[in-house]
Amino acid sequence: MLIVIDIGNTNITIGIYKDDKLIGNYRLTTKMKRTSDEYGFMILNFLSASKASADDIKDVIISSVVPKIMHSFLNGIRKYMHKEPIVVGPGIRTGISVKAENPKAVGADRIVDAAGAYYEYGGPCLVVDFGTATTYDYVDANGNFEFGVIALGIETSAQAMWTQAAKLPEIEIKKPKTILNKTTTTSMQAGLVYGYIGQSEYIIKQFKKELGVDMKVIATGGLGKIIYKNTDEIDIYDRDLTFKGLKHIYEKYTNEKKRLETKIG
């Protein structure tokens, strides 16, 4: 079995693979401060919920954009999984060549999503991740990560409204039936959801216009499904895209490791 983990600014998502089947999908809040024991016990509980144990785990692979929790998190895995985690970063072959001006500045989560989209659906493709930030990343037909756009996330925008404006309430993020609204709550919902549909459509169309190529558009992220259902510009919604990307990178990593061991031997 393989554990795949994505540590984002808002959530930590944990997937458990048995061969090629994802048998468990779990989520933790990132912003809570936890010890290595807490992380270790939580992962053990997730394994138990998937009818597995630490002894069943062959490896653990992680992508992270939150350095401050990595010490505790990695130690929790070492202590309770008895594995040295593989962390996506410099030295780990992903199959994606990052052509950004400063490749090291591109978050591991974006590279992992790019790998998932490219190896699952082919290129050229545009990967749209509706997370804490909404990212639009273009991968060409040869697996080159070429261009990206970063915008404020839907939930981040919603939180900004109700924390910065004293009279605006906390709301559920969903699409109201109409753009014509008479209540504060539905007016906020309309602004958020219709606004992000418009943003997404414009950015996607602009990518296609400036690049002059047809491309698959793949969306992921918890709130991405709302946008996907309300636009024809997004071809595929894949909630497990990050897990799939981590699994593809793990397979490339292990194949390369075997190749080097064979060469040395």
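Please read all numbers here as calculations on a predicted model, not as lab measurements.
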- Message: Before you tell me yes or no, could you show the steps for Thr94 and Val112 under side chain to side chain contact (heavy atoms under 4.5 Å, CB included), namely the whole-Å CA-CA distance, both residues' side-chain angles and the distance that decides it to 0.1 Å?
- Response: CA-CA 8 Å; Thr94 64; Val112 168; over 6 Å; no

Co-membership, hydrophobic cluster, residues [X] and [Y], 4.5 Å side-chain:
| X | Y | value |
| --- | --- | --- |
| Val65 | Val60 | yes |
| Ile173 | Tyr228 | yes |
| Ile43 | Met1 | yes |
| Tyr26 | Ile12 | yes |
| Ile7 | Leu44 | yes |

[X] side chain near [Y] side chain, heavy-atom distance below 4.5 Å:
| X | Y | result |
| --- | --- | --- |
| Ile57 | Leu2 | no |
| Asp137 | Leu126 | no |
| Met42 | Leu28 | yes |
| Ile5 | Thr13 | no |
| Ser63 | Leu246 | yes |
| Tyr138 | Val213 | yes |
| Thr184 | Pro169 | yes |
| Lys175 | Gln189 | no |

Would you find a donor on one side and an acceptor on the other, under 3.5 Å apart, between the side chain of [X] and the backbone of [Y]?
| X | Y | value |
| --- | --- | --- |
| Asn255 | Tyr253 | no |
| Thr30 | Asn11 | yes |
| Tyr119 | Gly95 | yes |
| Asn25 | Leu22 | no |
| Asn75 | His71 | yes |
| Glu251 | His248 | no |

- Message: Using the ring centroid of each side chain, check whether Phe41 and Tyr80 are separated by less than 6.0 Å.
- Response: yes

- Query: Taking Thr242 as the fixed residue, which of Asp6, Asp113, Asp109 is the one that meets the side-chain hydrogen bond (donor to acceptor under 3.5 Å, both in side chains) rule?
  - Reply: Asp113

- Decide side chain to side chain contact (heavy atoms under 4.5 Å, CB included) for Ile77 and Ile3; before the verdict, give the C-alpha distance in whole Å, the side-chain angles of both, and the deciding distance to 0.1 Å. CA-CA 10 Å; Ile77 291 169; Ile3 298 179; over 6 Å; no

[X] [atom1] to [Y] [atom2] distance, which is reported to the nearest 0.5 Å:
| X | Y | atom1 | atom2 | answer |
| --- | --- | --- | --- | --- |
| Ile69 | Leu74 | CD1 | CG | 9.0 Å |
| Leu223 | Ile154 | CG | CD1 | 5.0 Å |
| Lys182 | Ser187 | NZ | OG | 11.0 Å |
| Ile234 | Lys229 | CD1 | NZ | 13.0 Å |
| Asp235 | Lys216 | CG | NZ | 8.0 Å |
| Thr254 | Ile249 | OG1 | CD1 | 12.0 Å |

Side chains of [Y] and [X]: any donor to acceptor distance under 3.5 Å?
| X | Y | result |
| --- | --- | --- |
| Thr10 | Thr132 | yes |
| Tyr136 | Ser200 | yes |
| Tyr196 | Ser157 | yes |

Return the minimal non-hydrogen interatomic distance between [X] and [Y], and the atom names on each side.
| X | Y | answer |
| --- | --- | --- |
| Val106 | Ala100 | CG2-CB, 3.8 Å |
| Leu211 | Phe147 | CD2-CE1, 3.6 Å |
| Pro85 | Ile62 | CB-CD1, 3.9 Å |
| Ile14 | Phe243 | C-CZ, 3.5 Å |
| Ala114 | Val127 | CA-CG2, 4.1 Å |
| Ile16 | Ser50 | CD1-OG, 3.7 Å |

- Salt-bridged, Asp238 to Lys244, with N to O below 4.0 Å? yes

- Under a 4.0 Å N-O cut-off, is there an ion pair linking Arg110 with Asp129? no

- Query: How far apart are the C-alpha atoms of Phe207 and Val149, what are their side-chain angles, what is the distance that settles it, and do they pass the side chain to side chain contact (heavy atoms under 4.5 Å, CB included) test?
  - Reply: CA-CA 10 Å; Phe207 263 101; Val149 168; 3.8 Å; yes

- Under the side chain to side chain contact (heavy atoms under 4.5 Å, CB included) criterion, do Thr135 and Val128 qualify, and how do the steps go? CA-CA 6 Å; Thr135 55; Val128 188; over 6 Å; no

- Checking Lys247 against Tyr17: charged group under 6.0 Å from the ring centre and within 45 degrees of the axis? yes

- Task: Take atom CG of Asn102 as the centre, draw a 6.0 Å sphere, and report whether it contains more than 12 heavy atoms from other residues, nucleotides or ligands.
- Result: yes

- Answer yes or no: does atom NZ of Lys208 have more than 12 heavy-atom neighbours from other residues, nucleotides or ligands under 6.0 Å? yes

